[in-house]
> 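So that we are looking at the same thing, I have put the structure below in structure tokens.
These numbers come from a predicted model, not from an experiment.
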Amino acid sequence: RSGASIESNPADTNVDKQEATLAGSRTTSEAALDFKTALQRLEHPNYDTRQPSLKLLSNSPDALVKHGHTILKMLEHPNRSVRQDVLDLLSKSPDAVLQYGASIVGKLDDPDILVRMAAINTFATSPIAVLQHGAAVVQRLEHSDRSVRQAALDLLGQSPDAVLQHRAAIVRKLDDPHSGVGQTAFRTLRTSPITELLSGAAFIQRLVHSDESVRRAALYFLSNFPAAVSQYSAAIVRKFDDPEVVVREAA
């Protein structure tokens, strides 16, 4: 093995073999790059310097789990691109996402939207991790920053089971003061067919919302489900007389 582990955890034989194999197959330009050096270079502000390390580590998903605690520290790096690259790197290993999900959820609060989106994309590789950390994600639905609320809703949408489990909290976001959050809540609920049926009554309630975009979105949502349209036809017909033409057309 070309590099010593900088973790205190017991070395896993399969990981050691994988690291050794990768080390033996590197090109001449990468010959001096062992795993310890690769981890250190992940923090370099220059992408060209980080790139060989990202390539090496992305080809070793098991090593990402083994060295996860060291990699996670870089999620607090002052350089936005470093944080983003680390999240992208973790996405190469669903096992790492599952094991270190709590730290990844924390990046939903990141001040940079690209990092927040990277966190969502990372979780997309492990829907079970979204379900496991769903409660922490739901806490972000009350964040003062509306983009964080939207990011949390988008993340829940990566797991239909998480949407079903936290349906009540998501439905409450239909009335969010920011219409964009309400729209995201609609989209999130649509990722779980069972949730869509269970939430029919909640959408009917939104047909009398003061915001025309909410009324229109509720009708659009219901239009995807003939059974719901049949069940709530009377309430939908009343929207033929809505004061806003876009709502009448949607009905």
> According to side-chain hydrogen bond (donor to acceptor under 3.5 Å, both in side chains), who are the partners of Asp154, at least two apart in sequence or on a separate chain?
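Result, side-chain hydrogen bond (donor to acceptor under 3.5 Å, both in side chains) vs Asp154: Arg187.
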> Could you list all the ring pair (Phe, Tyr, Trp, His ring centres under 6.0 Å) pairs where at least one residue sits in residues 156-189, not counting sequence neighbours?
Phe186-Phe203
> Only distances under 3.5 Å count here; give the side-chain donor-acceptor pairs of residues 89-96 to other protein atoms, sequence neighbours excluded, each with its distance to 0.1 Å.
| residue | atom | partner | partner atom | Å |
| --- | --- | --- | --- | --- |
| Ser91 | OG | Asp88 | O | 2.4 |
| Ser93 | OG | Pro61 | O | 3.3 |
| Ser93 | OG | Ala96 | N | 3.1 |

> Can you check whether Arg149 reaches Thr184 side chain to side chain, under 4.5 Å on heavy atoms?
no
> Is any side-chain heavy atom of Val181 less than 4.5 Å from a side-chain heavy atom of Leu141?
no
> Roughly how far, to the nearest 0.5 Å, is CG of Leu64 from OG1 of Thr70?
11.5 Å
> Hydrophobic clusters here meaning ILVMFWY residues chained together by side-chain heavy-atom distances under 4.5 Å, can you tell me if Phe240 and Val229 are in one?
no
> Are any non-hydrogen side-chain atoms of Leu108 and Ile120 less than 4.5 angstrom apart?
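A side-chain contact under 4.5 Å exists here.
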> Group every Ile, Leu, Val, Met, Phe, Trp and Tyr by side-chain heavy-atom contacts under 4.5 Å, then state whether Val246 and Ile236 land in the same group.
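Result: yes, single cluster for both.
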> As an exercise, state the distance from CG of Leu75 to CG of Asp85, rounded to the nearest 0.5 Å.
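Leu75 CG to Asp85 CG: 11.0 Å, rounded to 0.5 Å.
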> For Ser81 and Asn79, test the side chains for any donor-to-acceptor distance below 3.5 angstrom and give the result as yes or no.
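Side-chain D/A pair, Ser81 to Asn79: present.
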> Between His77 and Gln84, is any pair of side-chain heavy atoms under 4.5 Å apart?
no
> Can you tell me how far the CD atom of Gln165 sits from the CD1 atom of Ile170, to the nearest 0.5 Å?
10.0 Å
> Please report the interatomic distance CZ(Arg50) to NE2(His44), rounded to the nearest 0.5 Å.
9.0 Å
> Mind checking side chain to side chain contact (heavy atoms under 4.5 Å, CB included) for Gln183 and listing every partner two or more places apart, or none if nothing turns up?
Ser213, Ala217
> Indicate, with yes or no, if Leu57 and Leu98 share a hydrophobic cluster defined by side-chain heavy-atom contacts under 4.5 Å among Ile, Leu, Val, Met, Phe, Trp and Tyr.
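The answer is no; the residues belong to distinct hydrophobic clusters.
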> How close do Thr191 and Thr188 get, heavy atom to heavy atom, and via which atoms?
OG1-O, 2.6 Å
> Shared ILVMFWY cluster between Tyr220 and Leu189, side chains joined below 4.5 angstrom?
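In one cluster with Tyr220: Leu189, no.
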> Quickly, which of Leu156, Val130, Leu87 forms a side-chain contact (heavy atoms from CB on, under 4.5 Å) with Phe123? Name it, please.
Val130
> Sequence neighbours left out, what passes side chain to side chain contact (heavy atoms under 4.5 Å, CB included) with Asp112? Give chain and number order.
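Residues passing side chain to side chain contact (heavy atoms under 4.5 Å, CB included) with Asp112: Arg80, Arg83, Asp110, Leu114, Val115.
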> Nearest 0.5 Å, please: how far is CD1 in Ile71 from OH in Tyr100?
8.0 Å
> Check whether any side-chain heavy atom of Lys36 lies under 4.5 Å from a side-chain heavy atom of Arg41, and answer yes or no.
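Side-chain contact under 4.5 Å: no.
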> How many angstroms lie between atom CG of Leu207 and atom NE2 of His209, to the nearest 0.5 angstrom?
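One gets 11.5 Å once the value is rounded to the nearest 0.5 Å.
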> Quick one: side-chain hydrogen bond (donor to acceptor under 3.5 Å, both in side chains) pairs with a partner in residues 241-251, sequence neighbours left out?
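Passing the test, one end in residues 241-251: Arg215-Asp242, Lys239-Asp242.
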> With a 4.5 Å heavy-atom cut-off, do Gln132 and Ile128 have their side chains touching?
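The answer is no, as the side chains (C-beta and beyond) never meet within the 4.5 Å cut-off.
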> Which heavy atom of Gly182 sits nearest to which heavy atom of Asp176, and what is that distance?
N-CB, 4.3 Å
> Can you find a pair of side-chain heavy atoms, one from Val171 and one from Arg206, that are under 4.5 Å apart?
yes
> What's the verdict on side chain to side chain donor-acceptor pair (under 3.5 Å) for Asp161 and Ser159, showing C-alpha distance, side-chain angles and the deciding distance?
CA-CA 5 Å; Asp161 289 335; Ser159 169; 5.1 Å; no
> Check whether Gln150 reaches the backbone of Gly180 with its side chain - one donor and one acceptor, N or O, closer than 3.5 Å.
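Yes.
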> When you compare the side chain of Val82 with that of Leu42, does any pair of heavy atoms fall below 4.5 Å?
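Not in contact.
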> Quick check: closest heavy atoms across Ala152 and Val137, and the distance to 0.1 Å?
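Answer, listing the atom of Ala152 first, then Val137: O-CG1, 3.4 Å.
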> Does Val105 form a side-chain contact (heavy atoms from CB on, under 4.5 Å) with Arg140? I'd like the steps, not just the answer.
CA-CA 9 Å; Val105 166; Arg140 270 72 183 184; 3.5 Å; yes
